[in-house]
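Down below is the structure, laid out as structure tokens.
Residue numbers run from 1 in the order of the sequence given.
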Amino acid sequence: MRAHDCTANMSGWTLVAGYACVLAVVASEFGRVVPEPYMDELFHVRQAQNYCLGRFHIWDDKITTLPGLYLVAVAVARLYWLLHSSLRILLPPSAVTDFALDMDQHCSLGVLRGTSTLFALVNVYLLYAVKRQLSCATPAGRPTISPSAARLDAVLLSSWPPLVFFAWLFYTDQLSLAAVLACWLLCLRDRLWLAAAAAAAAVLMRQTNVVWVAFAAAHALLRRALPQSNASSGWLDELSLVVRFCWSHLRSLLLDFGPFGLLAVVFGSFVMVNGGIVVGDRTAHAAGFHFAQGLYFVGFSLAWLVLDLGSSATSARRLCRQLLASVRQDRASAGWSALLLLLTLAAAVVAVDRFSEPHPYLLADNRHYTFYLWKNFFARWPLVKRALLPVYGFAFWIMHDQLRHSQQPRLVAAAFWLCTAAVLWPAPLVEFRYYIVPWLVFRLLTTNNTPASGCWSLTVWVQLIVYASMNAVIVFVFLYRPFRWPSGETARFMW
């Protein structure tokens, strides 16, 4: 048994090392084939280079997020410059490459993209640590999942195609995710003051992260009030226990969670003074009521959940049993179930008919896969939006069923759906990057009880192979199959 554990542990580290090598090789190829800033990188790189030169008073109005990305990039660039300068002093000139000779300008595109690559590796550790911590009954408890299983799943989640692609571009996604995961991890470990500092960093990366740091703080509170040994019969019972716990521990909770309250006050003040959460150009990022976005998210999630054959099949069987039980129940109960189903269906129809207006960017920017999805399906056949409602319903059931049967309190599942709605419903643009954090939060919550004996299961390896194949195709198309706009500008396909 010990020999098996040692072999699995070594294989896990080999997989992490292989993943790091792949990130480095692809990053080098991105630098060779796409040596100029691409799309939003143009604004991000220019802003970061201004900060590197100490021009903190300059701000590009095309940027809609707070400056957290650029502050971290400046710190990484200065550390890299310091390391490179030290090597040039300590080693012979022939032993040190001239890769960063342009650091007299403080930041190069390669260094800035390397920041995203670096944090993609940081996220492997953070996903691993969060997954292990979620399996603990208490902040100081012993994880029930083995290190090798957690390590494998961390690599799997890190290599998720909509996420890993942005490890090779200077975008906010990898750094933003790292800050959210760090905040969540520290909350799970009950280090709330440090968690609040990570929460502030997360909000500086992307304003909507305020929702996810609130989720992390709420999760920490629920783990205090509802230990996993507490068998609660429903979410109302859990809510009653939480209210009583908060009342009886009010002073200590105010002290422990005070920094989060301060962050909420500061962020609320910023929103009031700024007139909204968006900085810079607000014309294309005005919040609205895009209720269909939530349906798109669960449908998009289902496409990945089908790869997890074991969990999805189990949830589907439970759905069939519940439907049969509904048919066999008494008329009054069956009538209420039918009424609830009809009301839900009516709300979904209103969402896709009245609250699914496509964003102008979605209709005009043919560099994103969502453009072709909308153009070739939703725009060509309007009834597709309604025809997919059963698929959305099935997807929601699968996801909610997996949340209900996780080791977490039911209020955690409720908090997840509330936070997902708070982030996605106001977002006017359909973009898969918006789904990264909610998807990973869901996966971490629902796979934290994976047994150590199943860490090398066929299902996990199938997902890894599919992810790797998709990433290879997407990167190949982006790098080697560009096209030209009528203006002559080179365009590339991406998420």
Side-chain angles (χ1 to χ4, degrees), residues 51 56-57 59 61 63-72 75 126 130 139 172 175-226 239 242-282 285-289 409 411-412 414-427 434 437-438 441:
Y51 274 28
F56 296 101
H57 62 283
W59 183 259
D61 285 337
I63 297 172
T64 58
T65 55
L66 294 171
L69 172 68
Y70 318 115
L71 295 173
V72 173
L126 290 172
V130 170
T172 59
L175 281 76
S176 171
L177 175 63
V180 171
L181 290 175
C183 174
W184 194 12
L185 175 63
L186 291 167
C187 282
L188 293 173
R189 291 178 175 175
D190 217 23
R191 300 176 182 176
L192 297 178
W193 284 61
L194 287 176
V203 175
L204 282 173
M205 297 292 175
R206 186 176 289 169
Q207 292 91 308
T208 53
N209 283 342
V210 70
V211 175
W212 293 112
V213 301
F215 171 84
H219 197 182
L221 174 62
L222 291 174
R223 281 167 68 89
R224 286 190 182 189
L226 302 169
L239 184 61
V242 170
V243 171
R244 290 201 296 268
F245 176 85
C246 291
W247 180 254
S248 59
H249 299 81
L250 185 59
R251 171 177 274 182
S252 62
L253 291 177
L254 288 175
L255 179 62
D256 291 344
F257 289 89
F260 282 94
L262 177 62
L263 177 62
V265 171
V266 172
F267 185 78
S269 301
F270 157 75
V271 172
M272 291 181 62
V273 173
N274 188 57
I277 68 169
V278 177
V279 297
D281 183 13
R282 306 181 190 180
H285 297 85
F289 295 101
L411 284 179
V412 173
F416 167 77
W417 288 120
L418 287 173
C419 291
T420 300
V423 170
L424 295 183
W425 281 356
Y434 297 163
V437 175
V441 170

query: Is there a side-chain contact (heavy atoms from CB on, under 4.5 Å) between V423 and Y434 once you walk through the steps?
result: CA-CA 8 Å; V423 170; Y434 297 163; 5.8 Å; no

field: Minimum-distance pair of heavy atoms, taken over all atoms of V203 and L66
entry: O-CD1, 3.6 Å

- prompt: What residue pairs, at least two apart or across chains, pass salt bridge (Lys or Arg N to Asp or Glu O under 4.0 Å) with a residue in residues 415-426?
  reply: none

- prompt: Can you name the closest pair of heavy atoms from T420 and P438 and give their distance?
  reply: OG1-CB, 3.9 Å

Check: F245 and L253 side chains under 4.5 Å, non-hydrogen atoms: yes

- prompt: Who passes side-chain hydrogen bond (donor to acceptor under 3.5 Å, both in side chains) against W417, sequence neighbours left out?
  reply: H400

- line: For residues 195-205, the salt bridge (Lys or Arg N to Asp or Glu O under 4.0 Å) pairs (sequence neighbours left out) are none

- prompt: What pairs of residues pass the side-chain hydrogen bond (donor to acceptor under 3.5 Å, both in side chains) test when at least one of them lies in residues 245-255, not counting sequence neighbours?
  reply: none

Results of side-chain hydrogen bond (donor to acceptor under 3.5 Å, both in side chains) for R191 - residues two or more places apart only: none

- prompt: Should L221 and C246 count as side-chain neighbours, where that means a heavy-atom distance under 4.5 Å?
  reply: yes

- prompt: Atom CE of M272 and atom CZ of F267: how far apart are they, to the nearest 0.5 Å?
  reply: 13.0 Å

field: Interatomic spacing from SG in C419 to CG in L424 - rounded to 0.5 Å
entry: 11.0 Å

message: Test of understanding: with side chain to side chain contact (heavy atoms under 4.5 Å, CB included), list the residues that count as partners of L418, not counting sequence neighbours.
response: none

Acceptor/donor pairs from residues 254-265 side chains to any protein atom, 3.5 angstrom cut, sequence neighbours excluded:
unit_1	atom_1	unit_2	atom_2	d
D256	OD2	R224	NH1	2.9
D256	OD2	R224	NH2	3.0

query: Angle class for the W184/H219 ring planes (parallel below 30°, perpendicular above 60°, tilted otherwise)?
result: tilted

- request: Compare every heavy atom of A201 with every heavy atom of A179, then report the nearest pair and how far apart it is.
  value: CB-C, 4.1 Å

Whether over 12 other heavy atoms sit under 6.0 Å from F56 CZ: yes

Could you list the donor-acceptor pairs under 3.5 angstrom formed by side chains in residues 204-218, with sequence neighbours left out?
unit_1	atom_1	unit_2	atom_2	d
R206	NH2	T172	OG1	2.5
R206	NH2	D173	OD2	3.3
Q207	NE2	T64	O	3.0
Q207	NE2	I277	O	2.6
N209	ND2	S176	OG	2.7
N209	ND2	A202	O	2.9

- prompt: Which pair of heavy atoms, one from C187 and one from A195, lies closest together, and at what distance?
  reply: SG-CB, 3.6 Å

